[in-house]
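Values in this document were obtained by computation on a predicted structure and should not be read as measured data. One-based numbering along the sequence shown.
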Amino acid sequence: MTLKEYLELLAKQRELFTPEMISAIECQGRLHDICVQKQEYRDEILDKYNDLIQEGCKKIFAQYPDISDMLPDTEIRMEATKELLSAAHNQTDTYQYITQKMKEFSEFEESSKLLNELSRASFEYFDALVKLHERIDTDRKTLFTEEYVSKMDTLADNGIFLYHLETPDFPLLEGYDDNFVIDSLSFDNCMSAKTLLLALFMMPDVGESMKRKQEDIYISVELMNNNFHRSAARNWFALIESEHKKCANAFEGFWEKKRNLKKGLQRAKKIESLIHDFKLDWELHAWEKINAYYEKITKSDLFDGIVNRNSVIHGDYQSDKLDITMHDNIKLLLLYINLRIIADHICNLEDLYEHFLDMLPTILDMLQAGILTIEEK
């Protein structure tokens, strides 16, 4: 792509920014900033609370090892929660014994003082998250025409995934072919592709797992810019596999016994089931295309024009299928971004379900005050 072509693309892009789209982008930006702020505060309180609970449990189990045998004997988290709530409601002897012993350790007392703050912080964060997703869904339904979505689907059939778009701000209907879309992302040392990845590097207080991913993402783009495309592809495959596993492992051990989902087909079925269960229409639309292409990648010996994952991963150096291009890697990059967005959405829902009890005091207070109502269905 020449500089002239890229500037013409930007001009076409500016023409798309109607007042409605500008308003949508600004509103989404405000809601996103609120969500990040609420998440940071909630995570700060939650970390303090968890640290106190962990330290308290370490001490109480050391001094009273019999307590560990009194806790629910189940791997299923929802069953354990029900048993604990039942014991608390009925004030069983076991419950009273444990709570009496907990009073001997200051960590439990300190953690209890954080409960109201944690409840409010959790509610405000998840409320902000829901409002953000609702706004994005509404904007997509309003601003994305059938023709625009159809073009996205056509591109997706060829491994170019743009379902991450939250407004139609790429001129897909201007007659640009697949190569032009990819060239626009790889132009000037992958400037536009880096912009897509930027949010992953702005996440606050990430854990060790995400730090490793950030390193591989950064190195992958640098490898691409220096024409080391085989090495970049290995990283993208690892990152894609990680998101596939992360998404499939969501809610494992929550309602039923945890399973070890080793095979890609098992994971794919689980992901599709979760998307259906939570009625995530846009994610389902994207997933059908993503999953179809993911299957082709894992069986790429049978398909032309698709990176041969097996040859790359297993070091089949005598094969010409290891001759990977920038275009191949841009497709893998887009696959990673779009799969990660689905995985993050599912994991956020798991987080909400996991911490629903944290929010319950605030929810009950708001219901009693008439601030919150429950819709009848």
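- Interatomic distance, CD1 of I53 versus CG of L114, reported as 9.0 Å (0.5 Å rounding).
- Take I25 and apply the side-chain contact (heavy atoms from CB on, under 4.5 Å) test, not counting sequence neighbours, and it matches F17, M21, T167.
- The ring-ring contact (aromatic ring centres under 6.0 Å, His included) check on F108 picks up nothing, with sequence neighbours excluded.
- For the pair L274/L349, no side-chain contact is recorded, criterion being any heavy-atom separation below 4.5 Å from C-beta on.
- Counting only residues at least two apart or in different chains, ring-ring contact (aromatic ring centres under 6.0 Å, His included) contacts with residues 242-273 comprise H244-Y294, F251-F254, F251-W255, F251-F278, F251-Y353, W255-Y353.
- With sequence neighbours left out, H345 forms a ring-ring contact (aromatic ring centres under 6.0 Å, His included) with H133.
- At a threshold of 4.5 Å between non-hydrogen side-chain atoms, the residues E174 and L9 do not count as touching.
- Here Q39 pairs with nothing under the side chain to side chain donor-acceptor pair (under 3.5 Å) rule; sequence neighbours left out.
- The pair K246-E243 counts as a salt bridge, with a side-chain nitrogen and a carboxylate oxygen less than 4.0 angstrom apart.
- Using a 4.0 Å cut-off between charged side-chain N and carboxylate O, D281 and R140 make no salt bridge.
- Taking the charged nitrogens against the carboxylate oxygens, E241 and R267 do have a contact shorter than 4.0 Å, which makes a salt bridge.
- Summarising the geometry of I290 relative to L339, their closest heavy-atom pair is CD1-N, 4.2 Å, with the distance given to 0.1 Å.
- One N or O on the side chain of W282 and one on the backbone of Y163 form a donor-acceptor pair closer than 3.5 Å.
- Between E147 and K151 there is no salt bridge, since no side-chain N of the basic residue sits under 4.0 Å from a carboxylate O of the acidic one.
- For the pair D344 and R340, the salt-bridge criterion is met [side-chain N within less than 4.0 Å of a carboxylate O].
- Ion pairing between a basic and an acidic side chain is recognised when a charged N comes within 4.0 Å of a carboxylate O; K131 and E134 show no such pairing.
- Contact record, Y176 with P171: CD1-O, 3.4 Å, taken as the closest heavy-atom pair.
- At distances below 3.5 Å, at least one donor-acceptor pair connects side-chain atoms of E252 with backbone N or O atoms of R259.
- A donor-acceptor distance shorter than 3.5 angstrom exists from the side chain of Q96 to the backbone of Q91, with no hydrogens or angles considered.
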side-chain contact (heavy atoms from CB on, under 4.5 Å) for L115 and Y49? Distances and angles first, verdict last. CA-CA 8 Å; L115 285 175; Y49 179 81; 3.5 Å; yes
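- Taking hydrophobic clusters as Ile, Leu, Val, Met, Phe, Trp and Tyr residues chained together by side-chain heavy-atom distances below 4.5 Å, Y218 shares a cluster with V206.
- Sorted by first and then second residue, the side chain to side chain donor-acceptor pair (under 3.5 Å) pairs with a member in residues 57-68 read K59-E107, Y64-E104, D66-Y97; sequence neighbours excluded.
- Panel note: side chain S220, backbone D216; a donor-acceptor pair is recorded below 3.5 Å.
- Closest non-hydrogen pair, L118 versus R42, comes out as CD1-O, 4.4 Å.
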